[in-house]
Amino acid sequence: VAGPDTTGRRMTRSYLASRGGLPMPVALHLTFADGTTEAIRLPVEIWYRGNQYVYAREFPVEVTRVEIDPAQVLPDVERENNVWSSPL
């Protein structure tokens, strides 16, 4: 996750890895600095080129938290690494 660049745009990158042998879609829940949230669903096809994927997108507000599969409905080999929070 990164802050604004010299143009004021705020590009955010989430680095995802699939450690299991069964590719699954990815459900992301983003929380922003202003308290708003957004649910994102990435298709299973993101894993067709390998077991790592970078979700990059521009947001008008800083992302302060990212959670993978918040409803815990998909198989996961390590749920403990499903949440990232901004250190600020």
Side-chain angles (χ1 to χ4, degrees):
V1 177
D5 64 13
T6 57
T7 66
R9 295 184 346 206
R10 189 175 300 277
M11 181 59 72
T12 300
R13 290 175 185 82
S14 297
Y15 297 87
L16 307 170
S18 176
R19 295 185 180 173
L22 179 63
M24 302 292 291
V26 177
L28 294 176
H29 187 263
L30 306 180
T31 304
F32 301 94
D34 64 0
T36 60
T37 63
E38 183 175 342
I40 298 166
R41 186 165 177 90
L42 302 175
V44 69
E45 289 84 4
I46 66 171
W47 306 118
Y48 285 3
R49 294 187 180 204
N51 65 351
Q52 296 182 0
Y53 181 78
V54 178
Y55 177 69
R57 187 168 149 205
E58 192 174 312
F59 294 104
V61 180
E62 181 181 357
V63 175
T64 58
R65 178 180 162 95
V66 177
E67 184 173 4
I68 299 170
D69 190 26
Q72 297 186 359
V73 296
L74 298 171
D76 194 336
V77 297
E78 187 180 349
R79 291 201 185 276
E80 296 77 27
N81 66 355
N82 285 3
V83 177
W84 172 89
S85 293
S86 173
L88 301 178

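These values consider heavy atoms only, across backbone and side chains, with no hydrogens, waters or symmetry-generated copies. The shown structure was predicted, so the numbers you read here are calculated from the model rather than taken from an experiment. We number each residue from 1, following the sequence as shown.
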Original post:
So how far is it from R19 CZ to N51 CG, rounded to the nearest 0.5 Å?
Top reply: 10.0 Å
Original post:
Rounded to the nearest 0.5 Å, how far apart are CD1 of I68 and CZ of R79?
Top reply: 10.5 Å
Residues 30-48 side chain polar contacts: donor-acceptor under 3.5 Å, at least two apart:
{"from": "D34", "atom 1": "OD1", "to": "T36", "atom 2": "N", "distance (Å)": "3.0"}
{"from": "D34", "atom 1": "OD1", "to": "T36", "atom 2": "OG1", "distance (Å)": "2.6"}
{"from": "E38", "atom 1": "OE1", "to": "R57", "atom 2": "NH2", "distance (Å)": "3.4"}
{"from": "E38", "atom 1": "OE2", "to": "R57", "atom 2": "NH1", "distance (Å)": "2.8"}
{"from": "E38", "atom 1": "OE2", "to": "R57", "atom 2": "NH2", "distance (Å)": "3.1"}
{"from": "W47", "atom 1": "NE1", "to": "M24", "atom 2": "O", "distance (Å)": "2.9"}

**OP:** To the nearest 0.5 angstrom, please state how far the CG atom of D76 sits from the CG atom of N82.
**Re:** 4.5 Å
Subject >> Heavy-atom closest contact (P70 atom, A27 atom, distance) >> reply: CD-O, 4.0 Å
Subject >> Atom of V66, atom of V63 and distance for their closest heavy-atom approach >> reply: CG2-CG1, 3.7 Å
**OP:** Can you measure from CZ (F59) to CE (M11) and round to the nearest 0.5 angstrom?
**Re:** 9.5 Å
Original post:
How many angstroms lie between atom CZ of R13 and atom OH of Y55, to the nearest 0.5 angstrom?
Top reply: 12.5 Å
**OP:** Answer yes or no: are there more than 12 heavy-atom neighbours, outside R49 itself, under 6.0 Å from its atom CZ?
**Re:** no
Subject >> same_hphob_cluster(L74, L22) at 4.5 Å side-chain heavy-atom cutoff >> reply: yes
